[in-house]
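Contents: one structure, followed by commentary.
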Amino acid sequence: MEKIKLGISACLLGENVRYDGGHKLDRFLTDTLGQYVEYVPVCPEVECGLPIPRESMHLEGDPDSPRLVTSKAKQDMTERMLNWAKKRVVEIEKEGLCGFVFKSDSPSSGMERIKVYNENGMPVKKGIGMFARIFMEHFPLLPVEDEGRLHDPGLRENFIERIFTLRRWREVITKRESRGNVVDFHTKHKLLILSHSPKHYQAMGKLVATAKELSIKELYQQYQTILMETLHLKTTPKKNANVLQHMMGYFKEQLSADEKQELLEVIDHSRQEYIPLIVPITLIQHYVRKYEQPYLKEQLYLNPHPLELQLRNHV
Ligand code: SF4
């Protein structure tokens with residue numbers, strides 16, 4: 001499988017590009033996720049022409065439209081950064097990224113809760129890094145996260161699931177345009193979609209069922225938009241339990257009363273967060289393999305990303 005292309009703040013890869021000549025190497029991103037990902041590093045401050053080392057910077061003024069200013073000399077870097085960022089995002093289009101990992105807390109690269117100082121020198125954590133803002137406005141559907149948030153197991157799982165799913169969707173796009181390919185993709189992702197949002201599951205089902213009424217281009221565009229919106233919504237133990245019970249229904253005939261009871265208990269323990277989601281998933285996978293259930297065998301919900309990433313393993 002080709003690696004997934006992800007943009008990343010260059011200092012997270014260990015590049016010595018920070019204002020003080022240092023880096024912010026993140027081992028999970030390089031050593032673990034890095035096995036499946038080809039990174040496209042971006043350092044806005046260096047790429048817009050600033051030296052290493054350089055004076056540190058911060059945001060100030062209106063949190064919705066702040067200025068980027070050096071901390072001591074108060075040199076205003078806003079226009080330089082904005083002009084560079086607007087050109088850079090157009091260049092990045094060619095890379096076919098499936099997402100971006102930003103450096104947290106940076107006035108250039110941070111994606112949320114960045115300090116913006118008012119005229120009295122008091123910070124409010126309401127800003128967005130200058131490059132991160134332009135990037136997210138240019139690619140509103142692309143999955144984005146920062147390395148700090150990726151330490152949260154739920155956010156990490158959600159981000160990784162989105163980038164793997166987007167990569168699979170991109171494979172559909174690169175094939176010959178056909179409604180059948182969209183239907184096939186949708187069929188395999190049905191339960192994954194359901195685990196994020198029953199409401200979107202219904203809407204996407206309708207969209208695919210009426211695919212013939214749309215031009216192929218409209219179908220691809222609408223499907224991709226709803227898909228990314230859906231996956232952005234978090235799964236919950238309750239939504240997962242709903243999907244798992246739905247899957248259990250496929251084994252009505254095969255499982256004994258005792259096996260059904262055991263599976264129900266495991267699903268309920270996962271719903272109550274006594275045990276990680278991977279436990280009921282593994283038990284269902286066992287039955288899928290044992291009874292060769294053809295529909296479930298194809299469901300990406302059971303296998304949305306490599307096991308080695310150890311996701312779905314937390315409570
Ligand atoms: S946070 Fe962004 S601007 Fe700062 S060093 Fe890292 S990549 Fe460069």
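One-based numbering, in listed order, for ligands and for the atoms of each. None of these values were measured; they are calculated from a predicted model.
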Q: Around atom 2 (Fe) of ligand 1, find the nearest protein heavy atom and jot down its residue, atom name and distance.
A: Ser109 OG, 2.3 Å
Q. In this structure, which one of Met204, His200, His232 forms a side chain to side chain contact (heavy atoms under 4.5 Å, CB included) with Leu227?
A. Met204
Q | Atoms in ligand 1 flagged as close to Ser106, the criterion being non-hydrogen separation under 4.0 Å | A | 1 (S)
(Q) On the six-membered ring of Phe164, is Arg170 placed so that its NZ or CZ lies under 6.0 angstrom from the centre and within 45° of the ring axis? (A) no
Q: Answer yes if the ring centres of Tyr250 and Tyr291 are under 6.0 angstrom apart, and no otherwise.
A: no
Q | CD (Gln221) with more than 12 external heavy atoms under 6.0 Å | A | no
Q. Under 4.0 Å from any heavy atom of Val17, which atoms of ligand 1 are there?
A. 5 (S)
Q: Could you list which atoms of ligand 1 come closer than 4.0 Å to a heavy atom of Val42?
A: 7 (S)
(Q) Tell me the nearest of Gly129, Cys43, Cys48 to atom 8 (Fe) of ligand 1, using heavy-atom distances. (A) Cys43
Q.
Can you name the atoms of ligand 1, numbered from 1 with element, that are less than 4.0 Å from a heavy atom of Lys103?
A. 1 (S)
Q) What is the closest protein heavy atom to atom 5 (S) of ligand 1, and at what distance does it sit? A) Arg18 CG, 3.5 Å
Q | Atom indices of ligand 1 within 4.0 angstrom of Ala10 heavy atoms, with elements | A | 7 (S)
Q. Mind checking whether Val46 has a heavy atom under 4.0 Å from ligand 1?
A. no
Q: Examine Val315 and Tyr274 and state if one hydrophobic cluster contains both, with Ile, Leu, Val, Met, Phe, Trp and Tyr joined whenever side-chain heavy atoms are less than 4.5 Å apart.
A: no
Q: Can you sort out which atoms of ligand 1 are near Glu45, meaning under 4.0 Å from one of its heavy atoms?
A: 3 (S)
Q) Within the distance-only criterion (no hydrogens, no angle test), does the side chain of Ser195 pair as donor or acceptor with the backbone N or O of Leu192 below 3.5 angstrom? A) yes
**Q.** atom 6 (Fe) of ligand 1 contact by Cys11, N, O or S atom under 2.8 Å
**A.** yes
**Q.** Contact check, Leu12 vs ligand 1, heavy-atom distance below 4.0 Å
**A.** no
**Q.** Lys NZ or Arg CZ of Arg149 over Phe159 ring: under 6.0 Å, within 45°
**A.** no
Q) Is the shortest distance from a Lys or Arg side-chain nitrogen in Asp152 or Arg156 to a carboxylate oxygen in the other one below 4.0 Å? A) no
